[in-house]
Amino acid sequence: MNLFNVYPLFNINPVKAQGSFLWDENGQQYLDFYGGHAVISIGHNHPHYVEKLKNQLEKISFYSNSVENKIQEELAEKLGELSGYEDYSLFLCNSGAEANENALKLASFHNGKKKLVYFSESFHGRTSAAVAVTDNPKIVAPVNESENFIKCEFNNSEELNKIFAENQNEISAVIVEGIQGVGGINLLEENFIQTIDKLCKENNAVLILDEVQSGYGRSGKFFAHQEFDIKPDLITVAKGMGNGFPMGGVLISPKFQASYGLLGTTFGGNHLACVAGLAVLEVIENENLIENSEKIGAYIEEKIKNFPHIKKIKRRGLMMGIELDQPCADIRKELLFEHFIFTGNANDKNVLRILPALNITEKESDLFINALEKTLKKLNHKSNKSLIQN
């Protein structure tokens, strides 16, 4: 049997990781400035994280949600404390897509409505409803299509008002990312998120904030939406939540009524996942990683802002999109194969996406900064040479 060939792969096989570095099977070291799509929040193999998982493995790694699991309660309490959402409830699952799927379903259960509003350049997952509110026709199968899903242009308040006016009381929920990640690090405008909040309140619609990529301190706040004076009804999390251990969750406003069987999962909130999640929160708190996220993000931005070929830097904390004046694919390859640094791309082909661990240091960041400068200067030299020859 072969693997189903759905991923374009770099010819690199990482076999070891520590902090912000990876090593391949040949012993080559790589700087990880992408964290596997913002998953590695506290660095690879953080000692506290490893110790807690090892200790839990010697006790119990899994049992179903038909019995008590006190570690779930510890995780919920710590997450509420650090995020400022102590009065919310937590539903645990396995991924960002599953978190969004359950949030969309919970919204519809709550108000009995079925139309969902999403935005251009959004990405919310690959499962049934989550992919239907993702703005990528290539990954939306015919079975996922429905007139219940309404797309609105991102940051366009006028169009959103029109959608609500045309659909009267049929809209169940609006789902929006705290910062659009896959779309190219697109930032919410304050008047736009305030408009979403206002329209949801006026029309008995649920506001779902997808913080799967932008949450957990990545933006310089615990959640990216906390830059604004809003309080969503549902907040979805995953990625950095488990630092590589698969887990996701939905933070649920007190206005939602739970009932047995309303939501469910086999593996969500298992003992190992909860210990991983607790370890992440403890490291974020004890090492002041939210503050470090903003500090190092600002440091990188200041160092690179005048490099050639950079048109714009879109950033909150350590969630950064470097918009170039040309596609970034070749630059990513040079950073990877010449300087041994992992970076990311986006739907916008000109955006280089930067998502390092939240405990990245200035010294480690300098490796990226110097490599990017060399790569862009080399590109600039080639461009100037070509102009002279022509």
Side-chain angles (χ1 to χ4, degrees), residues 3-8 36-39 64-65 89-152 154 171-183 205-216 232-242 244-252 256 258 261-270 273 276-277 344 346-347:
L3 295 172
F4 197 50
N5 190 19
V6 293
Y7 300 114
H37 311 297
V39 167
S64 78
N65 285 302
S89 302
L90 178 64
F91 174 75
L92 291 165
C93 51
N94 305 285
S95 69
E98 191 180 344
N100 285 327
E101 198 77 30
N102 278 284
L104 292 165
K105 186 166 65 171
L106 188 57
S108 187
F109 276 137
H110 175 73
N111 55 28
K113 299 187 283 185
K114 58 185 178 181
K115 290 196 174 181
L116 302 163
V117 178
Y118 67 103
F119 299 101
S120 58
E121 300 303 324
S122 63
F123 185 92
H124 297 289
R126 294 175 180 269
T127 53
S128 183
V131 80
V133 291
T134 290
D135 185 24
N136 184 351
K138 291 182 181 178
I139 64 171
V140 180
V143 70
N144 306 126
E145 295 172 356
S146 165
E147 61 182 15
N148 291 330
F149 303 103
I150 306 168
K151 183 169 79 170
C152 175
F154 187 66
I171 294 173
S172 172
V174 177
I175 185 167
V176 64
E177 292 158 270
I179 298 169
Q180 288 191 334
V182 174
V206 173
L207 173 52
I208 303 171
L209 236 301
D210 179 341
E211 294 277 7
V212 168
Q213 189 171 134
S214 55
Y216 266 67
D233 301 303
L234 300 170
I235 304 164
T236 57
V237 290
K239 291 198 184 292
M241 186 181 192
F245 201 103
M247 69 183 311
V250 187
L251 281 70
I252 303 168
F256 291 84
L262 185 71
L263 305 177
T265 172
T266 297
F267 298 108
N270 66 74
N347 283 348

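Both backbone and side-chain heavy atoms feed into the values below; hydrogens, waters and symmetry mates do not. Counting from 1, the numbers follow the sequence of the chain as shown.
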S.K.: Which heavy atom in Ala130 sits nearest to a heavy atom in Ala97, and how many Å separate them?
M.R.: CB-O, 4.0 Å
S.K.: Closest approach of Ala173 and Ala107, non-hydrogen atoms and distance?
M.R.: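 So the minimum-distance heavy-atom pair works out to CB-CB, 3.8 Å.
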S.K.: So which atom in Lys114 and which in Ser108 form the shortest heavy-atom distance, rounded to 0.1 Å?
M.R.: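 Heavy atoms only, the tightest pair is CA-OG, 4.3 Å.
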S.K.: Within a strict 4.5 Å, meaning less than it, do heavy atoms of the Ile175 and Phe149 side chains meet?
M.R.: no
S.K.: Please report the closest heavy-atom contact between Asp210 and Phe123, naming both atoms and the distance.
M.R.: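 That closest heavy-atom pairing would be OD2-O, 3.7 Å.
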S.K.: Just how far is it from atom CG of Leu92 to atom CE of Met241, taken to the nearest 0.5 Å?
M.R.: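 Spacing of CG (Leu92) from CE (Met241) equals 5.0 Å.
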S.K.: Could you tell me whether a side-chain N or O of Thr134 sits under 3.5 Å from a main-chain N or O of His124, the two making a donor and an acceptor?
M.R.: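 Judged by distance alone, yes, a pair lies under 3.5 Å.
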S.K.: Do Asp135 and Ser122 have side-chain N/O donor and acceptor atoms under 3.5 Å apart?
M.R.: no
S.K.: Nearest 0.5 Å, what's the CD1-CG distance between Ile208 and Leu251?
M.R.: 13.0 Å
S.K.: Please assess Tyr216 against Val237 for the test side chain to side chain contact (heavy atoms under 4.5 Å, CB included), listing each intermediate value before the final yes or no.
M.R.: CA-CA 8 Å; Tyr216 266 67; Val237 290; 4.1 Å; yes
S.K.: Main chain of Glu98, side chain of Thr127: is a donor-acceptor contact present, judged purely on distance under 3.5 Å?
M.R.: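 Side chain of Thr127 to backbone of Glu98, a donor-acceptor pair under 3.5 Å: no, none is there.
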S.K.: Measure the spacing between OG of Ser95 and CE of Met247 and express it to the nearest 0.5 Å.
M.R.: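 Nearest 0.5 Å value for the OG-CE distance: 11.5 Å.
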S.K.: For Asn144 and Ala141, indicate whether the former's side chain and the latter's backbone hold a donor-acceptor pair under 3.5 Å.
M.R.: yes
S.K.: Determine the interplanar angle of the Phe154 and Phe119 rings, folded into 0 to 90°, and report it as parallel if under 30°, tilted if 30 to 60°, perpendicular if over 60°.
M.R.: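 Taking Phe119 first and then Phe154, their aromatic rings stand perpendicular (interplane angle over 60°).
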S.K.: With no hydrogens and no angle check, is any side-chain donor or acceptor of Thr236 less than 3.5 Å from a backbone partner on Val250?
M.R.: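 Side chain of Thr236 to backbone of Val250: no pair is present.
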S.K.: Could you measure the distance from the CZ atom of Phe109 to the CG atom of Leu262? Nearest 0.5 Å is fine.
M.R.: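 Result: 5.0 Å between the selected atoms.
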S.K.: Is it true that the side chains of Thr265 and Asn65 contain a donor and an acceptor less than 3.5 Å apart?
M.R.: no
S.K.: Supply the atom-to-atom distance Asn347 CG to Glu121 CD, rounded to the nearest 0.5 angstrom.
M.R.: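 Separation between the atoms: 5.5 Å.
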S.K.: Give, for atom CD1 of Ile252 and atom CD1 of Ile235, the distance between the pair rounded to the nearest 0.5 Å.
M.R.: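 Spacing of CD1 (Ile252) from CD1 (Ile235) equals 10.5 Å.
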S.K.: Hey, is the main chain of Gln180 close enough, under 3.5 Å, to the side chain of Gln213 for a donor-acceptor pair?
M.R.: no
S.K.: Looking at every heavy atom in both Ala346 and Gly183, which two are closest together, and how far apart are they?
M.R.: CB-C, 4.3 Å
S.K.: Between Leu234 and Phe256, is a side chain to side chain contact (heavy atoms under 4.5 Å, CB included) present by the stated rule, with each step listed?
M.R.: CA-CA 9 Å; Leu234 300 170; Phe256 291 84; 3.8 Å; yes
S.K.: Tell me the closest heavy-atom pair linking Lys113 and Ser172, and the distance in Å.
M.R.: O-CB, 3.3 Å
